[in-house]
Peer 1: 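Following this message is one structure expressed as structure tokens.
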There are 2 protein chains.
Amino acid sequence: MHSVLVASRSADQRDSSRESRNGTPQLDAVSLAIIQQLQEDGRRPYAAIGKAVGLSEAAVRQRVQKLLDQGVMQIVAVTDPLTVGFRRQAMVGINAEGDVESIADALTGMSEVEYVVMTAGSFDILAEIVCEDDDHLLDVINKRIRALPGVRSTESFVYLKLKKQTYMWGTR
Amino acid sequence: MHSVLVASRSADQRDSSRESRNGTPQLDAVSLAIIQQLQEDGRRPYAAIGKAVGLSEAAVRQRVQKLLDQGVMQIVAVTDPLTVGFRRQAMVGINAEGDVESIADALTGMSEVEYVVMTAGSFDILAEIVCEDDDHLLDVINKRIRALPGVRSTESFVYLKLKKQTYMWGTR
DNA sequence: GGCCACTTCTGCGAAATCCGCAATCCACGC
DNA sequence: GCGTGGATTGCGGATTTCGCAGAAGTGGCC
């Protein structure tokens, strides 16, 4: 774990965040390095991160807080739901007509829905569902998702086994 | 944030983990409560967690360490890859013949593959791919995934917009 | 250039947290 | 009853977090 960034910090590296046209903050190399550190260990002390990225402890703390406030990242515990008591999971592909985004928003509001993404291809939306049991899953898919206005059809893929789950973007 | 668990801790709650038949550790109510706390904030101090679940700081620390060692959970920073410089993501549905699990294992080994799950339904495997650009994505899907022995066909769903991403199982 | 407003970074002391360890408690089997 | 093993507690000392004031860099403006 050596210091990755020792270059003379100047100009473009100094603005840690700046709004770009689509509203998502622009991240500089140092912030990316900080995120990378926290992707390896979400509890790594600020001083250790600072040593790795070439910043003081206080500066790292300030940047991390900002990244959290901006919603760029979140530091959380992640698990395999199957080991935590949720026995049924499924990915649901949805075909929609009309205002697809409002359907996606409706899905976002459901607590059983973990993940919603709008896609190109033979589905318009993919949504991941986490449920306690089969009845619960059936209920969510048939009664609640299919009932949404604009949903034309759905196709479900029940999870049999989770093989990989990583959060190491940039750590390649 | 009140103390959720003040019941007289005894018998079944005391064994924080025990192997069940499928190899996944069995979690008791206290460990679930700890995980839940860390799903809200991965950096929450052990003492605060202890107060919430009714355990001493040292006990929480020991349990968390064990959960991490066992691989039941990981505490990490998660981001929306699009804001971190990965412009193309896709979910790939795979139809396979023969040893499906070995295909899943091969996918697991690819750094661009974030998520692999074996499913029931019209796909045998779903895999999430995170790439820098279109060329990279095309390369992974056509050259590497389709080249795996046993892969009969694939269908890709390119991500247009990530709408939701949560890690709040049990926090309902 | 000079000045001001704004943001980011640094240094540092106080408070809180983390860490390791020995002692204690409890369920269980003999 | 007694020993064994796992889980929990209590408690110092080392480390980390926190808040803040001052310094440094940036960009706009005259």
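Values below: all heavy atoms of this structure, side chains included; hydrogens, waters and symmetry mates excluded. Throughout, protein chains are lettered first and strands after them, A, B, ... in sequence-line order, and every chain is numbered starting at 1.
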Peer 1: If the condition is salt bridge (Lys or Arg N to Asp or Glu O under 4.0 Å), which residues does D134(B) pass it with, not counting sequence neighbours?
Peer 2: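 For D134(B), the residues satisfying salt bridge (Lys or Arg N to Asp or Glu O under 4.0 Å) (neighbours in sequence not counted) are R88(B).
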Peer 1: Please give, in whole Å, the distance from dT26(D) P to D28(A) CG?
Peer 2: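 One finds 13 Å between P of dT26(D) and CG of D28(A), rounded.
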Peer 1: Report the distance from atom CD1 of I49(B) to atom P of dT9(D), rounded to the nearest whole Å.
Peer 2: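 Whole-Å distance recorded here is 14 Å.
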Peer 1: Tell me every residue that passes side chain to side chain contact (heavy atoms under 4.5 Å, CB included) with R144(B), counting only those two or more places apart in sequence or in another chain.
Peer 2: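 R144(B) satisfies side chain to side chain contact (heavy atoms under 4.5 Å, CB included) with M110(B), E112(B), D139(B), V140(B) once adjacent residues are dropped.
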Peer 1: Tell me, please, which residues at least two apart from A48(B) pass side chain to side chain contact (heavy atoms under 4.5 Å, CB included).
Peer 2: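 Scan of A48(B) (side chain to side chain contact (heavy atoms under 4.5 Å, CB included), adjacent residues dropped) gives R44(B), P45(B).
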Peer 1: What residues, two or more places apart in sequence or in another chain, satisfy salt bridge (Lys or Arg N to Asp or Glu O under 4.0 Å) together with R87(B)?
Peer 2: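 Partners of R87(B) by the salt bridge (Lys or Arg N to Asp or Glu O under 4.0 Å) criterion come out as none, since no residue qualifies.
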Peer 1: Please determine, by modelled atom types, if D28(B) and S31(B) share a side-chain donor-acceptor pair under 3.5 angstrom.
Peer 2: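 Yes, S31(B) and D28(B) have a side-chain donor paired with an acceptor closer than 3.5 Å.
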Peer 1: Kindly state each residue pair satisfying ring pair (Phe, Tyr, Trp, His ring centres under 6.0 Å) with at least one member in residues 41-82 of chain B, sequence neighbours excluded.
Peer 2: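 Applying ring pair (Phe, Tyr, Trp, His ring centres under 6.0 Å) to every pair that reaches into residues 41-82 of chain B, excluding sequence neighbours, yields nothing.
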Peer 1: By the ring pair (Phe, Tyr, Trp, His ring centres under 6.0 Å) test, which pairs, at least two apart or in different chains, include something from residues 139-166 of chain B?
Peer 2: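 Matches after skipping sequence neighbours: F123(A)-F157(B).
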Peer 1: Please tell me which of V60(A) and A58(B) maps to the more 5' nucleotide of DNA chain C, matching each residue to the nucleotide holding its nearest heavy atom.
Peer 2: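 On the 5' side of the pair lies V60(A).
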Peer 1: If I take atom CG in residue L68(A) and atom P in nucleotide dC18(D), what distance separates them, rounded to the nearest angstrom?
Peer 2: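 After rounding, the gap between these two atoms is 11 Å.
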Peer 1: List the residues meeting salt bridge (Lys or Arg N to Asp or Glu O under 4.0 Å) with E97(A), not counting sequence neighbours, and say none if there are none.
Peer 2: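 Salt bridge (Lys or Arg N to Asp or Glu O under 4.0 Å) list for E97(A), sorted by chain: R152(A).
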Peer 1: What's the shortest heavy-atom distance between A127(B) and V113(B), and which atoms?
Peer 2: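 Heavy atoms only, the tightest pair is CB-CG1, 4.4 Å.
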Peer 1: Using whole Å, what does the distance between atom P of nucleotide dT8(C) and atom CG of L67(A) come to?
Peer 2: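 Going from L67(A) (CG) to dT8(C) (P), I get 11 Å.
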Peer 1: What's the angle between the local helix axes at either end of the helix from dG1(C)-dC30(D) to dC30(C)-dG1(D), using five pairs per end and rounding to 10 degrees?
Peer 2: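 The end axes of the helix from dG1(C)-dC30(D) to dC30(C)-dG1(D) are about 30° apart, to the nearest 10°.
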Peer 1: Rounded to whole angstrom units, what separation is found between the CG atom of L55(B) and the P atom of dG10(D)?
Peer 2: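 Taking CG of L55(B) and P of dG10(D), I get 11 Å after rounding.
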Peer 1: Does K66(B) place a side-chain N or O at less than 4.0 Å from the phosphate oxygens OP1/OP2 of dG6(D)?
Peer 2: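 So the side-chain polar atoms of K66(B) never come under 4.0 Å of the phosphate oxygens OP1 or OP2 of dG6(D).
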Peer 1: Over how many whole Å does the gap from Q62(A) atom CD to dG22(D) atom C1' extend?
Peer 2: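 For the pair Q62(A) CD and dG22(D) C1', the rounded distance is 14 Å.
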Peer 1: Whole angstrom is fine here: how far is it from CZ in R63(A) over to P in dT7(C)?
Peer 2: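 For the pair R63(A) CZ and dT7(C) P, the rounded distance is 15 Å.
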Peer 1: What's touching nucleotides 12-17 of chain D from the protein side, N or O pairs under 3.5 Å?
Peer 2:
| from | atom 1 | to | atom 2 | distance (Å) |
| --- | --- | --- | --- | --- |
| dT17(D) | OP1 | R43(B) | NH1 | 3.1 |
| dT17(D) | OP2 | Y46(A) | N | 2.9 |

